[in-house]
Amino acid sequence: MEITGKDRVRFLHNLLSQHVDEQKEGKRRWSTLLNSKGKLIGFFQVWKLENRFLLVVHQAHKLEVFKTLETYWITEDLNFKWLEDQVVVSIFGSTAESLPQIEGVSLAVDDYFIPSVQAIVNESQKQAIQNKYAAISPELYEAIRIQSEFPLPEIDYTDPIPLEVPFMHRAVSFVKGCYVGQETIARLHARGLNVSKKLLPFECAIDSHISPQASVMEQQTEVGKVTSLAFSPTQKEKIGLAWVHRNAFKKNLTVNGQAIEVQYE
């Protein structure tokens, strides 16, 4: 989504959980749009470019983000536009410095655990990149995504409080003033981020019979649910993401009777 107009900075800064007023031109930040109870409406990237912002919104969040922004848009000088001809691509194994410059393309260091760069491109620019760089398989991408602890809507979460998803912490400023949902975030932050559950990465043996939506157990009690699973070629074992209730943090957990090792830091 492209947002232009002279009130764009003030409008977004008053709604989003991240500082956009001090964001430098050409830079990207993660942010969230929340409801009044601190629940997630949208988790997305905010690119600040010349005379405009670009919000890179997942398809699952697109409608609700747009409706919410429209609700708060009263008299501000703003324009919203979906850029259907623009897509986001990740280039693995590269850095921004190593890539040849493509006219009109903005680059940002990506959030995966291996070197990677993200770019916003049109169809012809995307084709030029695909001609130069080999595509990775969906299975390898899923392994990279999970090992990077990067969650996806409708797969790993629906409407969490961002503090329940560690990857989303980067999208929240704990020193920013008022924004929608800030009261809930500030209260939880003051209590040491003591949320009732978290989406956490885990590892398990390569021969474990585990699948998404399987229950996470602590002895005979269900304490969570697996959301994503993949084989990690670097760790030579299965890795995944799972919701775990705080009462079960740092206890011996199993899925289908098989041990999993949850990472809490």
Side-chain angles (χ1 to χ4, degrees), residues 1-83 88 106 108-109 111 118 120 149-154 156-199:
M1 176 191 289
E2 178 185 73
I3 301 180
T4 57
K6 68 179 183 180
D7 295 327
R8 64 190 183 280
V9 176
R10 178 171 57 86
F11 178 78
L12 287 177
H13 186 72
N14 288 341
L15 287 178
L16 304 186
S17 60
Q18 187 59 272
H19 281 278
V20 298
D21 59 343
E22 59 186 39
Q23 187 173 338
K24 293 183 180 179
E25 189 174 299
K27 298 298 182 181
R28 181 203 72 169
R29 287 184 175 179
W30 286 97
S31 192
T32 64
L33 180 63
L34 310 176
N35 66 21
S36 59
K37 296 182 179 180
K39 289 279 191 175
L40 189 76
I41 295 172
F43 169 58
F44 45 78
Q45 301 168 34
V46 180
W47 294 64
K48 189 174 185 179
L49 305 177
E50 184 178 5
N51 299 321
R52 61 182 181 147
F53 284 98
L54 293 183
L55 273 55
V56 181
V57 182
H58 192 282
Q59 190 69 28
H61 292 159
K62 184 176 177 179
L63 180 60
E64 286 304 313
V65 167
F66 183 70
K67 286 169 55 178
T68 303
L69 293 178
E70 273 202 318
T71 298
Y72 286 99
W73 179 16
I74 302 174
T75 60
E76 293 87 355
D77 181 347
L78 296 170
N79 288 292
F80 299 157
K81 181 182 179 182
W82 289 109
L83 303 179
V88 177
S106 298
V109 176
D111 299 277
Q118 193 171 80
I120 299 178
E149 302 176 23
F150 184 85
L152 289 179
E154 298 184 336
D156 299 304
Y157 65 87
T158 50
D159 61 345
I161 296 170
L163 302 187
E164 296 173 338
V165 183
F167 190 95
M168 290 185 188
H169 289 197
R170 69 195 67 196
V172 177
S173 169
F174 297 114
V175 296
K176 184 177 183 287
C178 292
Y179 58 87
V180 178
Q182 187 259 351
E183 183 178 347
T184 297
I185 300 299
R187 184 169 62 250
L188 289 170
H189 184 244
R191 295 176 179 175
L193 309 183
N194 190 24
V195 292
S196 62
K197 63 184 184 301
K198 285 185 180 180
L199 181 69

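In this text, all values refer to a predicted model and were calculated from it rather than measured experimentally.
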Sub-3.5 Å donor-acceptor pair from the side chain of [X] to the main-chain atoms of [Y], do we have one?
{"X": "Glu76", "Y": "Ile74", "value": "yes"}
{"X": "Asn35", "Y": "Lys39", "value": "yes"}
{"X": "Ser17", "Y": "Ala171", "value": "yes"}
{"X": "Lys27", "Y": "Ala108", "value": "no"}
{"X": "Ser173", "Y": "His19", "value": "no"}

Excluding sequence neighbours, so at least two apart, what forms salt bridge (Lys or Arg N to Asp or Glu O under 4.0 Å) with Glu64? Lys67
Quick one: pull up CD1 in Ile41 and CG in Leu63 and give me the separation to the nearest 0.5 Å. 11.5 Å
At their closest point, which heavy atom of [X] faces which heavy atom of [Y], and how far apart are they?
{"X": "Leu69", "Y": "Phe80", "result": "CB-CE1, 3.8 Å"}
{"X": "Pro153", "Y": "His61", "result": "CB-NE2, 3.6 Å"}
{"X": "Pro151", "Y": "Asp156", "result": "CA-OD2, 3.4 Å"}
{"X": "His169", "Y": "Pro162", "result": "CD2-O, 3.9 Å"}

Using 30° and 60° as the class limits, which term best fits the ring planes of Phe43 and Tyr157: parallel, tilted or perpendicular? perpendicular
With the side chain counted from C-beta on, respond yes when [X] and [Y] share a heavy-atom pair under 4.5 Å apart, and no when they do not.
{"X": "Tyr179", "Y": "Leu16", "answer": "no"}
{"X": "Leu78", "Y": "Ile3", "answer": "yes"}
{"X": "Glu70", "Y": "Phe66", "answer": "yes"}
{"X": "Leu55", "Y": "Leu12", "answer": "yes"}
{"X": "Leu40", "Y": "Met168", "answer": "yes"}
{"X": "Leu33", "Y": "Tyr72", "answer": "no"}
{"X": "Val46", "Y": "Gln23", "answer": "yes"}

By side chain to side chain contact (heavy atoms under 4.5 Å, CB included), which residues pair with [X], not counting sequence neighbours?
{"X": "Glu25", "value": "Glu50"}
{"X": "Asn79", "value": "Thr4"}
{"X": "Gln45", "value": "Arg28, Trp30, Trp47, Val56, Gln118"}
{"X": "Pro166", "value": "Leu200"}

Steps toward salt bridge (charged side-chain N to carboxylate O under 4.0 Å, His left out) verdict (Arg170, Asp111): CA-CA 11 Å; Arg170 69 195 67 196; Asp111 299 277; 3.1 Å; yes
Are Arg8 and Asp77 close enough for a salt bridge, meaning some N to O gap below 4.0 Å? no
Name every donor-acceptor pair, under 3.5 Å, that has one atom in a side chain of residues 184-197 and the other anywhere in the protein, sequence neighbours excluded.
{"from": "Thr184", "atom 1": "OG1", "to": "Lys37", "atom 2": "O", "distance (Å)": "3.1"}
{"from": "Lys197", "atom 1": "NZ", "to": "Glu164", "atom 2": "OE2", "distance (Å)": "3.4"}

Run the numbers on Phe11 and Val20 for side chain to side chain contact (heavy atoms under 4.5 Å, CB included), then give the verdict. CA-CA 10 Å; Phe11 178 78; Val20 298; over 6 Å; no
Is it true that atom CD of Glu22 has more than 12 heavy atoms of other residues, nucleotides or ligands lying nearer than 6.0 Å? yes
Is there a salt bridge (charged side-chain N to carboxylate O under 4.0 Å, His left out) between Glu2 and Arg52? Walk through the geometry before answering. CA-CA 7 Å; Glu2 178 185 73; Arg52 61 182 181 147; 2.9 Å; yes
Have a look at Asp21 and tell me which of Lys176, His13, Lys48 forms a side chain to side chain contact (heavy atoms under 4.5 Å, CB included) with it. His13
